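Presented below is the structure to which this report refers.
All values derive from a computational prediction rather than experimental measurement.
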Amino acid sequence: MSSRYGNPYAGHGRRSRYLYEHGGRRFDWATYWERRRVEREAASRSRATPDVVPKPAPTVLKVNDVEVDKYLLMNKVAHHTYDFESKELIVRRGQPFEFNITLDRAYNKDTDKIYVEFKTGKYPSPTKGTKIRVELKDKLEDGKWGATFDADSDQKVLRLKVQSACSAPIGYYNMSIITKVKDTDEFSYPYFKRIYFLFNPWCEGDSVYLEGAAEKDEYVLSETGYLWYGSYKQIGSRPWVFGQFEEGVLEAVMYLLQDSKDPVMDRDRGNPVIVARKMSAAVNVQDEGGILHGRWDGEYSDGKRPTFWNGSVAILQQYMKNKEAVKYGQCWVFSGVLTTVLRCLGIPARSVTNFASAHDTDNSMTIDNYFDEEGQPMEHMESDSVWNFHVWNDCWMSRPDLPQGYGGWQAVDATPQETSDGVYQTGPASLNAIKHGKVYLPYDARFVFAEINADRVYWEATEDISLDDYKLTKIRLEKWSIGRYLYTKKVGQHAGIDVKGDYKHPEGSEEERLAVESAVQHGTKPEAYLPDSPFNKDVDFTVETADKIYVGSDFEVEIPMTNRSSEERNVNLFVNIQVCYYTGVLAKRVKTQRVQVKLPPNGHDKGIVKVSVDEYLDKLVDQSAMKIFVLGKVKETFQLLAGQDDFRLRTPSIELSVSKTQLKADEEFTAKFTLKNPLPRKLTNCEFNLEGAGVRTSMEVKQGDIAPNAEVTKEVKLRAYKAGKRTLVVEFDSDQLSQVHGEVDIEVSK
């Protein structure tokens, strides 16, 4: 490199610091710029304020511990979940609960942010209400998610008070504490146990809110109750252990709710209408993953007879062992289990028995019986049936999906009878809608209306060759034979109460007739209310049996008749007595007898049929029920007579006693039970089943054969592990005799 300045690198082995020479002076740029830097810094210091040491940036607040167990008992008492056999936190939505968090340094309200985050479901989402992040605030707002706190003196331990929304999805949640400093990265501390949120009948903002402490005690907290069965003439009751707080029950119910093959969708778990509807399907196995197999044919060799069960707990525990449906149940078992499930979730619920319960298969809202011109039944034309009794459930909730005024009790049914929306589920159907014939309102009000208020219609079917069909002529319309009583447990008492008035107006009243005729117009046979056939109808009759007929005794059937004409009437009756299942399905025939009755003008008389124990004993099936059919014709007027009735043979009770009725928790006592065989037959495959919430889950006591008219006594040692009033229930089952039970109350102190 050459220039008029010379080569600046010449004569040097490394790069020279001298960049050029001018006027006899050499310029060193490195020195120049260093001098300039020093000058600028000096100028800057001269303009600055006195020295200030900057504060270090705050570190992210960290959580060392979350103390939930410290307040577990207090929270459970406040939330009415104390009786749950669980060490996890179980709370009710819309109500605060408390716990502590311990921090690694003092909390600074100005710079630190603390959130409580809850997640539920497989894919938690804020838009679905299944992922909620709540920031600590000064106060809580009613009905909304929120969190507030109190701090100790050094601001390292905070006592949090957290509240869920009163419409929050129920189920189990995972909780985390989230901390951050302004816009820095956040720190997350997960709580290692689940937290369960339930519906809250004590919260006015919750859609299951129920007024009255006694009502909440009965329909939410009571672990035992009664289920009614039999016939409207011979009503029987049996104790049932609902056991919604027993070990394993909450686990089973949450499995149905969130983890089963057909769970409730996450976004719907806050809606009791949808939850109750889905649970009515989950209890039966007809759709995938249900709890109970139903069976009504009397063949139970690969499971337990429906009459064996005296509570829900053993059924739910058995189901959870391998997630396979339990064998077997019938309507009262389905209802008992559904009551347990709903009460466990916090939905007020009761089991209700409808006596003379119609099963309308063609949506006509009438029960139709057909006879030929000779007065013989035409069974091939009949698909409807009338059950001696049927047990379903009522649950309490508001109905914002319906017009105003249709909240309150809603009917739901877990027994698989007919599909609804392609699934074996029924309800919730508003009782007020059913009462007023508003059968078009969801869900399944039409079906439930027919069960309790259908009219029974007798038709004469004559063959019409031109139509290749039958011409139907209405013979008789019975307006009072369906839904005779609707029994449930009376609040706070060991007694039943007829709640028929919740379902329908008084029989025969103008309001009741208007409701029926309005409902029928939405059915498939509105012609049922056309004018009657022109035959002269001046002979009336009823069918009567004694109020109490015990299995093993003889009995009589009486048919009182009345002639309302001024002329003599001669009536030929055909009386058929058959054993039947409680669903109305006929089994073996007991007796058929023709009876002739001569009625004087404006007079009375009766036909009588006698039945001995030997004629029916070996033909009995479950429930010991019988059905009586009466068909006849008046000789002078050709008036056709058709009617039927049902009754059951009563069974004995078990004498159950305990060595102590007042004892302390975990104290041993003796239970003694005695049964006498009422039959002149040997009882085979005999077993007793004991159960009591807070006493023990289920205990089977095998018993050999019991000789005719013999008495057997058993004793067992037990311990009550939960304080409070407890009920011990014992059930007896055998091939020849079932629906035999006993109970005793005990008081357990801590």
Side-chain angles (χ1 to χ4, degrees), residues 228-235 352-362 364-371 375 377 379 382-390 434-435 437 447-460 474-487 498-501 503-509 511-513 515-517 519-520 523 525 528-529 532-533 537 539-545 547 557-562 573 575-578 580-586 625-632 639-648:
W228 274 261
Y229 66 97
S231 70
Y232 75 95
K233 287 185 176 180
Q234 293 94 14
I235 294 175
V352 178
T353 301
N354 180 32
F355 289 98
S357 185
H359 183 179
D360 175 26
T361 59
D362 59 2
S364 65
M365 275 162 289
T366 57
I367 302 303
D368 302 291
N369 298 114
Y370 301 93
F371 302 88
E379 296 182 15
E382 297 180 5
S383 57
D384 296 340
S385 62
V386 178
W387 297 26
N388 291 357
F389 70 95
H390 180 48
I434 295 166
K435 185 173 184 176
F447 184 78
V448 180
F449 181 93
E451 287 184 300
I452 59 99
N453 212 12
D455 286 347
R456 175 176 262 156
V457 185
Y458 295 88
W459 303 88
E460 182 183 54
K474 186 175 64 173
I475 302 173
R476 181 182 179 191
L477 180 68
E478 288 183 355
K479 300 179 180 180
W480 308 283
S481 62
I482 303 299
R484 296 294 188 102
Y485 303 103
L486 285 111
Y487 261 62
D498 183 10
V499 293
K500 184 169 62 176
Y503 279 84
K504 57 182 177 179
H505 296 287
E507 294 284 9
S509 67
E511 295 90 344
E512 187 262 348
R513 285 293 92 195
V516 171
E517 293 177 20
V520 169
K525 282 196 179 75
Y529 288 86
D532 291 346
S533 59
K537 298 181 178 179
V539 173
D540 300 320
F541 77 98
T542 59
V543 181
E544 296 180 357
T545 56
D547 289 339
V557 176
E558 296 186 352
I559 308 164
M561 309 192 73
T562 301
L573 297 177
V575 182
N576 178 22
I577 303 172
Q578 286 190 248
C580 70
Y581 295 95
Y582 82 95
T583 58
V585 175
L586 298 178
M626 295 194 188
K627 189 172 286 289
I628 305 165
F629 296 92
V630 178
L631 306 172
Q639 176 188 349
L640 297 175
L641 303 174
Q644 56 186 288
D645 201 6
D646 56 70
F647 68 99
R648 75 172 178 95

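Looking at heavy atoms from C-beta onward, V543 lies in side-chain contact with V557 at the 4.5 angstrom threshold. A 4.5 Å side-chain heavy-atom check between I577 and M626 finds at least one atom pair inside the cut-off. H505 places none of its side-chain heavy atoms less than 4.5 Å from the side chain of N453. Side-chain contact between C580 and N388: present, with at least one pair of heavy atoms (C-beta onward) separated by less than 4.5 Å. Taking 4.5 Å as the limit, every side-chain heavy atom of F389 sits out of range of all side-chain heavy atoms of I235. For the pair T562 and F541, the minimum side-chain heavy-atom distance is 4.5 Å or more. Looking at heavy atoms from C-beta onward, R456 lies in side-chain contact with N369 at the 4.5 angstrom threshold. You'll find the side chain of V457 stays beyond 4.5 Å of the side chain of I367, heavy atoms only.
Closest approach of A358 and A454 over heavy atoms only: CB-CB, 4.4 Å. Taking each heavy atom of D360 and F447 in turn, the nearest pair found is O-CE1, 3.9 Å. Contact between A642 and L631 at its shortest, heavy atoms only, is CB-CD2, 4.1 Å. Among all heavy-atom pairs drawn from I452 and K504, the shortest one is O-NZ, 2.7 Å. Counting all heavy atoms, side chain and backbone alike, E478 lies closest to G643 at OE2-CA, 4.3 Å.
In this structure E511 satisfies the salt bridge (Lys or Arg N to Asp or Glu O under 4.0 Å) test with no other residue, sequence neighbours excluded. Take F355 and apply the ring-ring contact (aromatic ring centres under 6.0 Å, His included) test, not counting sequence neighbours, and it matches no residue.
Looking at K479, its side chain never comes within 3.5 Å of a backbone N or O of G508 through a donor-acceptor pair. Side-chain atoms of Q639 come within 3.5 Å of backbone atoms of V539 as a donor-acceptor pair (strictly under, hydrogens ignored). With hydrogens and angles disregarded, a donor-acceptor distance shorter than 3.5 Å links the side chain of N354 to the backbone of E451.
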**OP:** Take L641 and V630 through the side chain to side chain contact (heavy atoms under 4.5 Å, CB included) test and state the conclusion after the steps.
**Re:** CA-CA 8 Å; L641 303 174; V630 178; over 6 Å; no
**OP:** Apply side chain to side chain contact (heavy atoms under 4.5 Å, CB included) to the pair Y458 and K474, showing each step before the final yes or no.
**Re:** CA-CA 6 Å; Y458 295 88; K474 186 175 64 173; over 6 Å; no
Subject >> Pair Y229-Y582, side chain to side chain contact (heavy atoms under 4.5 Å, CB included): steps then yes or no >> reply: CA-CA 9 Å; Y229 66 97; Y582 82 95; over 6 Å; no
**OP:** Give the C-alpha distance, both sets of side-chain angles, the deciding distance and a yes or no for side chain to side chain donor-acceptor pair (under 3.5 Å) between D368 and W459.
**Re:** CA-CA 7 Å; D368 302 291; W459 303 88; 2.9 Å; yes
Subject >> Pair S231-Q234, side chain to side chain donor-acceptor pair (under 3.5 Å): steps then yes or no >> reply: CA-CA 5 Å; S231 70; Q234 293 94 14; 2.8 Å; yes
Original post:
Can I559 and T542 be said to form a side chain to side chain contact (heavy atoms under 4.5 Å, CB included), step by step?
Top reply: CA-CA 6 Å; I559 308 164; T542 59; over 6 Å; no
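Tested against D645, the residues K233, K627, R484 include a single salt bridge (charged side-chain N to carboxylate O under 4.0 Å, His left out) partner, K233.
To the nearest 0.5 Å, the span separating CG on D646 from CZ on F629 amounts to 9.5 Å. Put simply, OG on S481 and OH on Y232 are 8.5 Å apart, with the number rounded to the nearest 0.5 Å. In this structure, the separation between CD1 on I482 and CD on E507 is 10.0 Å, given to the nearest 0.5 Å. Here Y487 contributes atom OH and T353 contributes atom OG1; the two are 10.5 Å apart, rounded to the nearest 0.5 Å.
In this structure, K500 satisfies the cation-pi test against Y485, with its NZ or CZ atom closer than 6.0 Å to the six-membered ring centre and inside 45 degrees of the ring normal.
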